[in-house]
Amino acid sequence: MLVRLPDGTVRAYRRGITLAEIARDAGAHGALAARLDGAERDLATPLEADATVEWLTFADPAGRSVYWHSSAHLLAQAVRELFPQARLAIGPPIEDGFYYDFDIGRPFLPEDLQRIEDRMRELAARDQPIERIYVPRDEAMRRFEGRGETYKAELLRGIPDDPVSFYRQDGFEDMCRGPHLPSTGRIKAIKLLSTSGAYWRGDERREMLQRIYGISFPSQEELDAYLARLEEARRRDHRRLGRELGLFTFAPEVGQGLPLWLPRGATVRRILERYIVDLEESLGYQHVRTPDLASIELYKISGHWEHYRDNMYPPIRVDSEELVLRPMNCPHHIMVYKHHQRSYRDLPVRIAELGTMYRYERSGVLSGLARVRAMTLNDAHIFCRPDQLTDEFIGVVRLIQRAYRDLGLRDFWYRLSLRDPRDRAKFVHNDEMWDHAEGELRRAMQALGLACVEARGEASFYGPKLDVQVPNVLGKDETISTVQIDFYLPERFGLEYTGEDSRPRRPVMIHRGVLSTMERMVAFLIEQYAGAFPLWLAPEQVRVLPIADRHLSYARRVQETLRARGVRAEVDASSERTGRKIREAEVMKVPYMLVVGDREAAQEAVSVRSRVRGDEGSQPLAAFIDRVTEAIASRRHDEE
RNA sequence: GCCGGCGUAGCUCAGUGGGAGAGCAGCGCACUCGUAAUGCGCAGGUCAGGGGUUCGAAUCCCCUCGCCGGCUCCA
């Protein structure tokens with residue numbers, strides 16, 4: 001019997017040899033499970049025919065999934081032992097760790113978590129083998145029903161297998177497809193992270209279960225490193241830095257999810273807004289201003305009132321009108337398009353706005369600036385002829401690339417969100433339109449030479465879109481930019497342009513957001529930079545630090561000179577020592593500190609301290625200003 | 001919205017049935033200082049809000065509000 005190993009070698013083995021034995025023979029010590037002719041299997045699996053084997057280790061995502069899946073079983077075993085009445089639901093591995101959902105008739109308390117974690121360690125230390133067993137279907141159902149395992153019984157009803165596979169360790173059994181680790185002792189370092197409520201099968205009309213989240217690693221060092229990463233993410237949390245750096249705040253008197261931009265935060269936002277508006281204008285976008293309110297009739301035409309009502313604030317009745325706070329800007333921009341007749345020669349028309357919108361978000365989902373109820377989108381709608389669609393799309397992608405470069409975002413990927421043709425309810429019916437639009441997007445991405453991941457079923461209901469995914473501090477992808485093709489709203493609003501043949505034609509719409517909402521972008525950038533904004537975005541770019549009070553007037557003069565050149569500069573006029581002033585400027589992450597004393601005042605100079613390079617010594621004020629204004633203008637990220 | 005946790009000074013937190021505290025920040029005074037915290041002093045709180053139990057509540061119970069972790073949803 002011949003077995004092809006991952007290094008390409010082929011070895012002969014006797015029939016019936018297990019994957020574990022082959023792993024040992026091949027020196028694959030890190031193997032947790034294997035892929036046998038492409039299918040994931042336990043190491044205990046015996047081989048009966050020629051095969052190709054790949055090892056799953058903790059180093060690859062599939063191997064980690066096996067590891068965390070077994071960890072979830074260990075969690076369930078510990079809970080079952082400590083809470084014999086517990087009913088088990090599901091316990092899968094997730095991107096970072098695992099969870100298990102239980103029904104124990106009450107919530108878990110923090111002290112329960114500690115006990116469970118301790119028990120898991122004891123169980124792992126016993127290093128019991130994890131075995132796969134097969135149970136006839138009706139026998140399994142009898143067992144579940146006999147023990148009141150209603151959730152497992154429901155799961156089994158959804159599985160056609162007979163017999164069904166179970167995994168058994170140390171007397172504990174759980175229905176599971178596998179694969180799993182060979183033994184519980186492989187789980188070396190365990191941390192239970194949190195508990196929460198979770199709806200059974202994610203359905204808010206069904207039972208609320210108690211979920212425990214955890215993570216595990218093959219060594220304590222790896223666990224410690226993971227926990228340190230979590231700590232680092234907490235340190236960079238935009239809500240914490242927003243308060244510490246005086247960027248924004250919330251007041252219960254104002255309302256939930258309604259941010260107050262403080263001067264420093266408002267400055268960052270204003271710089272971003274100026275940047276993107278200037279950039280868009282240079283690319284032929286026309287910026288408009290439209291009101292935050294509109295008649296409900298507008299949203300009845302657009303379909304939002306029908307499809308999006310749950311996220312809209314209820315109408316305000318005045319005189320004979322009913323007004324709503326707008327949840328989206330597109331209908332307003334469509335009305336701008338309709339202001340006058342358009343010729344095929346006018347297209348494309350690119351209508352842009354920093355459009356403020358209001359969405360009713362359920363209170364539980366609000367989170368700092370990342371999830372708010374009042375937000376301003378860097379929005380635009382491109383109205384073009386069908387033959388211009390590809391070029392316009394390419395133009396938007398290039399704009400996104402440019403903006404990301406200036407913002408220092410290097411890590412991102414493209415997701416092509418397509419319809420799921422089987423899901424007839426979620427997407428408007430017009431297969432020809434969809435096929436055409438999806439094909440256009442694919443071709444455009446090819447023309448750009450950009451790789452993208454296709455995501456079936458992620459399209460919006462009216463058309464396919466390109467989402468730009470950027471990993472945040474925790475490594476989770478966030479959608480920042482999006483480009484959506486829309487054949488639907490032009491139809492609803494009866495949009496037209498006059499074709500070459502003088503006949504009315506229907507334009508295509510592209511909805512696009514580049515910087516996302518200002519709220520979300522600033523939240524993202526705070527975390528990205530850990531509050532240390534690059535020079536061009538820093539709310540305070542330079543702080544002048546007089547050594548003693550007699551240097552105050554020179555410090556003021558330096559400040560005025562900088563401000564006259566457009567540099568955001570402050571003076572620390574406190575009577576503190578220089579060390580203290582430096583510390584405070586460092587804490588506020590000011591990019592440049594200028595220490596000025598007798599020597600500097602006498603020579604029209606400044607002693608430059610960079611927040612990253614430290615003391616750079618004295619230089620003429622004029623030279624510093626030239627250097628700093630050049631660095632700001634070029635939006636360099638390596639100026640420091 | 002749902003489940004759970006939390007809410008004491010601007011911030012971080014101690015105080016678990018009987019005097020409301022600390023550090024930092026703030027203010028004042030002194031020092032006038034050369035690259036990450038000068039010293040001394042002062043002020044600051046209906047202990048989230050409301051109701052209840054108790055001779056007595058920051059502390060125990062109930063309700064409301066807000067925040068946090070999830071679920072569901074999402075720019």
Side-chain angles (χ1 to χ4, degrees), chain A residues 94 99 101 103 106-110 112-113 193-213 234 237 239-240 243-244 246 249-257 308 310-311 327-329 355 357 359-379 467 478-482 484 511-521 523-524 545-552 574-588 590 593-600 607-611 613-618:
Chain A
I94 52 178
Y99 68 80
D101 285 346
D103 185 344
R106 67 160 177 91
F108 288 108
L109 305 171
D112 294 330
L113 227 55
L193 296 164
S194 63
T195 70
S196 77
Y199 301 109
W200 169 231
R201 306 210 130 171
D203 184 341
E204 59 186 323
R205 288 162 306 193
R206 303 207 57 182
E207 298 89 324
M208 175 70 74
L209 305 174
Q210 297 304 317
R211 176 170 299 178
I212 296 179
Y213 285 94
R234 265 194 286 279
D237 188 317
R239 292 166 298 191
R240 173 197 174 112
R243 185 179 56 238
E244 290 174 356
T249 190
F250 290 87
E253 296 85 340
V254 173
Q256 281 190 297
Y308 204 68
D310 288 351
N311 283 296
M328 291 186 185
N329 307 311
M357 322 176 293
R359 297 183 184 175
Y360 169 71
E361 299 286 355
R362 308 213 270 179
S363 62
V365 307
L366 301 173
S367 173
L369 281 187
R371 197 70 186 277
V372 292
R373 286 176 169 169
M375 69 215 89
T376 300
L377 185 66
N378 163 223
D379 206 358
D467 297 315
E478 291 190 39
T479 301
I480 298 289
S481 310
T482 169
Q484 312 186 356
H511 307 242
R512 45 111 284 183
V514 174
L515 294 192
S516 183
T517 63
M518 305 320 295
E519 287 74 15
R520 189 165 276 186
M521 177 50 76
F524 183 85
L545 312 179
I547 299 269
D549 288 350
R550 67 176 178 281
H551 308 120
L552 202 50
S574 68
S575 64
E576 294 294 344
R577 281 141 177 69
T578 307
R580 162 62 73 114
K581 292 180 180 178
I582 285 169
R583 178 182 157 76
E584 293 189 348
E586 292 276 1
V587 166
M588 294 304 280
V590 179
M593 288 148 271
L594 301 181
V595 178
V596 295
D598 291 328
R599 296 200 292 273
E600 289 75 16
S607 177
V608 179
R609 182 188 167 96
S610 138
R611 75 179 163 200
R613 285 184 304 271
D615 190 356
E616 297 185 343
S618 185

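Chain letters run A, B, ... following the sequence lines, proteins first, then strands; residues in each count from 1. Below, all heavy atoms of this structure are taken into account, side chains as well, without hydrogens, waters or symmetry copies.
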Self-check item: Gap in Å between the two P atoms, one belonging to B:U64 and one to B:C2, rounded
Solution: 10 Å
Quiz item: Within the structure, does a side-chain N or O atom of A:R550 lie under 4.0 Å from either OP1 or OP2 of B:C33?
Solution: yes
Quiz item: Between A:R243 and B:U12, does any side-chain N or O lie under 4.0 Å from OP1 or OP2?
Solution: yes
Practice problem: Ignoring backbone atoms, test whether A:R580 places a side-chain nitrogen or oxygen under 4.0 Å from the OP1 or OP2 oxygen of B:U38. | Solution: yes
Exercise. Sticking with atom C1', work out how far B:A48 lies from B:A43, rounded to a whole angstrom.
Key: 23 Å
Quiz prompt | Cationic N near anionic O, under 4.0 Å, A:R201 to A:D203 | solution = no
Exercise. Quick one: label A:E600 by what it contacts on the DNA or RNA (base, sugar-phosphate, nothing), any heavy atom closer than 4.0 Å.
Key: base
Practice problem: Please check the phosphate of B:C73 (OP1 and OP2 only) for any side-chain N or O of A:Y199 closer than 4.0 Å. | Solution: no
Quiz item: What does A:G513 touch in the nucleic acid at a heavy-atom separation under 4.0 angstrom: a base, only the sugar-phosphate, or nothing?
Solution: nothing
Practice problem: Determine: side-chain N/O of A:Q256 to OP1/OP2 of B:C67, distance under 4.0 Å, yes or no. | Solution: yes
Quiz prompt | Pairwise C1' distance for B:C47 and B:A20, with rounding to whole Å | solution = 8 Å
Quiz item: According to a strict under-4.0 Å criterion, is A:S363 in side-chain N/O contact with OP1 or OP2 of B:G1?
Solution: yes
Quiz item: If you check the A:R577 side chain, which of B:A75, B:G70, B:U38 turns out closest?
Solution: B:U38
Quiz item: According to a strict under-4.0 Å criterion, is A:R211 in side-chain N/O contact with OP1 or OP2 of B:U72?
Solution: no
Exercise. Have a look at B:U53 and give me syn or anti from its glycosidic angle (syn if within 90° of zero).
Key: anti
Practice problem: Could you give the distance separating B:C68 and B:U32 at their P atoms, to the nearest angstrom? | Solution: 47 Å
Quiz item: Counting side-chain heavy atoms from C-beta on, which of B:A75, B:A36, B:G70 comes nearest to A:R609?
Solution: B:A36
Quiz prompt | B:A37 and B:A25, which share atom name C1', separated by this distance in whole Å | solution = 12 Å
